[in-house]
There are 2 protein chains.
Amino acid sequence: MSTQPRIVEVRRNILKHNDQVAAALRERFRAANVFVASLVSSPGSGKTAFLEKTLTMLREKGYRPAAITGDLATDNDAARLARSQAPVKQITTGTLCHLEAAMVEGAIGDWNLRDLDFLFIENVGNLVCPASYDLGENLRLVLLSVTEGEDKPLKYPTIFNSGDLAVITKLDLAEAVEFDHAAAKANVQSVRPGMPVIELSAKTGRGMEDWIAILVSRRTELGDSKGV
Amino acid sequence: MSTQPRIVEVRRNILKHNDQVAAALRERFRAANVFVASLVSSPGSGKTAFLEKTLTMLREKGYRPAAITGDLATDNDAARLARSQAPVKQITTGTLCHLEAAMVEGAIGDWNLRDLDFLFIENVGNLVCPASYDLGENLRLVLLSVTEGEDKPLKYPTIFNSGDLAVITKLDLAEAVEFDHAAAKANVQSVRPGMPVIELSAKTGRGMEDWIAILVSRRTELGDSKGV
């Protein structure tokens with residue numbers, strides 16, 4: 001197609017602009033001592049249930065978490081997450097298939113980042129498009145539910161390569177769908193050798209304490225001097 | 001962003017080109033009397049299991065189906081579909097989040113369309129990007145598995161608006177996830193009033209005969225003169 005070289009150039013400019021905004025965000029997060037984790041997955045992988053449970057557990061332990069959640073339409077997720085009592089903002093992207101750093105910057109708005117210990121950014125449900133967009137996060141989680149099948153890392157390698165931690169969700173359904181844990185983990189390793197994988201169920205709570213421990217420890221590693 | 005008007009123009013050109021290729025494909029399909037259905041859904045909604053079962057059942061009834069399947073990487077789906085004994089081709093898109101009509105044209109290659117009664121096109125697993133791309137199909141199915149949650153039509157309205165028939169899959173798991181059938185159907189109707197919705201399980205076979213009957217009837221409506 002004759003338009004091909006032109007769209008590649010436009011795309012490169014957008015990505016470059018996004019990287020600059022993301023770098024500035026990351027510096028703001030560092031200065032405010034807030035640990036930022038983003039979540040990417042297919043639609044319906046359980047990002048919101050997992051995040052609601054995470055926010056609730058962190059608050060119970062005395063931390064101050066907040067969340068920004070992205071969707072094409074509706075503020076359903078923000079309403080669900082707000083049940084945790086944590087501050088929450090919704091980004092609606094219209095027809096755009098991913099979040100960009102400038103949208104996160106806009107959503108932060110007048111929040112004082114120094115009032116937060118953790119900030120979570122829930123991306124649009126999409127295993128392709130979010131891969132290329134840095135959001136200034138410290139940790140990118142790629143979620144995969146047991147109901148989606150063990151082969152997803154092989155079929156969507158780019159997004160797994162852009163992530164830091166793979167989270168297998170809906171563990172309570174593993175038996176019903178005959179989920180092959182070893183195959184799923186092997187597939188993650190084959191596209192991204194060394195990527196840590198955790199398994200959990202936000203519904204039953206199984207694996208959630210381990211996840212919270214990882215999160216708190218990652219924040220400490222990054223240089224927490226505020227304590228709780 | 002200063003690049004915005006330019007990318008909109010480039011995108012418009014690509015869509016226009018795609019529509020032209022899709023229109024030519026649709027005319028070829030009509031001339032060859034092949035009924036073409038495409039499938040879009042999230043990753044892991046069960047498109048391939050549903051399609052494998054559909055191909056097998058159509059062959060058992062004496063029809064001649066074929067399939068083209070799209071993924072970013074791997075030919076796993078083509079290998080699974082080939083177990084039905086139907087002709088199958090795999091498109092791998094690299095980092096592209098959707099199929100385009102020119103890719104379908106390329107995949108058809110040297111197939112004689114007159115040897116086929118049905119052609120299925122399985123899109124990349126993505127509830128956003130495939131919405132804008134006409135593939136020359138006669139029927140676009142939007143699949144939604146019970147494990148994804150009833151709210152997906154509200155959160156991804158564009159793709160549901162681009163579809164002709166909603167298919168609720170993995171019905172065998174409905175009880176385990178406390179799936180609310182009425183809410184899911186109401187959500188489909190609220191974004192696309194009048195859209196037919198069917199429910200089925202490729203695993204247990206429930207609802208599959210009704211689906212095959214719809215397919216055969218839609219092909220007849222379109223003017224089948226070949227019989228079987």
Side-chain angles (χ1 to χ4, degrees), chain A residues 1-4 6-7 9-14 16-18 21 41-46 48-49 71-74 76-77 80 92-98 100 102 124-129 131-132 144-149 151-152 154-159 170 172-173 175-177 191 203, chain B residues 1-4 6-7 9-14 16-18 21 41-46 48-49 71-74 76-77 80 92-98 100 102 124-129 131-132 144-149 151-152 154-159 170 172-173 175-177 191 203:
Chain A
M1 203 182 308
S2 62
T3 49
Q4 204 56 33
R6 205 170 154 202
I7 202 166
E9 187 197 329
V10 172
R11 189 175 146 79
R12 212 177 279 137
N13 287 344
I14 288 176
K16 192 176 160 195
H17 174 76
N18 184 78
V21 179
S41 81
S42 302
S45 292
T48 312
D71 269 306
L72 268 65
T74 84
N76 292 2
D77 285 358
R80 284 173 67 191
T92 50
T93 65
T95 57
L96 200 66
C97 55
H98 59 271
E100 296 182 7
V124 174
N126 192 313
L127 270 189
V128 187
C129 313
S132 313
L144 169 69
S145 68
V146 298
T147 62
E148 289 168 60
D151 62 345
K152 292 301 164 295
L154 303 178
K155 291 168 80 176
Y156 300 86
T158 315
I159 199 102
K170 305 194 186 180
D172 51 292
L173 294 171
E175 267 188 54
V177 298
V191 298
K203 192 173 181 182
Chain B
M1 201 183 311
S2 63
T3 50
Q4 205 55 34
R6 204 169 157 202
I7 203 167
E9 187 198 329
V10 172
R11 189 175 146 79
R12 212 177 279 137
N13 287 343
I14 289 177
K16 192 177 162 195
H17 175 76
N18 184 79
V21 179
S41 82
S42 302
S45 292
T48 312
D71 269 304
L72 269 64
T74 83
N76 292 2
D77 285 358
R80 284 173 65 191
T92 49
T93 65
T95 58
L96 200 67
C97 56
H98 59 270
E100 296 183 7
V124 174
N126 191 315
L127 270 188
V128 187
C129 313
S132 313
L144 169 69
S145 67
V146 298
T147 62
E148 289 167 62
D151 62 346
K152 292 301 164 293
L154 303 179
K155 292 169 79 175
Y156 300 86
T158 314
I159 200 103
K170 305 194 187 181
D172 51 292
L173 294 172
E175 267 188 55
V177 298
V191 298
K203 192 174 180 181

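- Only the side chain of Asp77(B) comes within contact range of chain A, with heavy atoms under 4.5 Å apart.
- Options Ser145(B), Cys97(B), Cys129(B) differ in how many heavy-atom pairs under 4.5 Å they form with chain A, and the most are formed by Cys97(B).
- When each of Gly125(B), Pro157(B), Gly149(B) is scored by its heavy-atom pairs under 4.5 Å with chain A, the top score falls to Gly125(B).
- Rounding to the nearest 0.5 Å gives a distance of 4.0 Å between CG of Asn126(A) and CG of Asn126(B).
- Among Leu154(A), Thr158(A), Thr92(A), the residue making the largest number of heavy-atom pairs under 4.5 Å with chain B is Leu154(A).
- Residue Thr95(B) touches chain A through both its backbone and its side chain, counting heavy-atom pairs closer than 4.5 Å.
- Put simply, the side chain of Pro43(B) does not reach to within 4.5 Å of the side chain of Leu144(A), judged on heavy atoms.
- You'll find the side chain of Asp151(B) stays beyond 4.5 Å of the side chain of Thr74(A), heavy atoms only.
- With a threshold of 4.5 angstrom between heavy atoms, Leu173(B) approaches chain A through side-chain atoms but not through N, CA, C or O.
- The parts of Lys155(B) that come within reach of chain A are both its backbone and its side chain, each placing non-hydrogen atoms under 4.5 angstrom from that chain.
- Closest non-hydrogen pair, Val128(B) versus Leu96(A), comes out as CG1-C, 4.5 Å.
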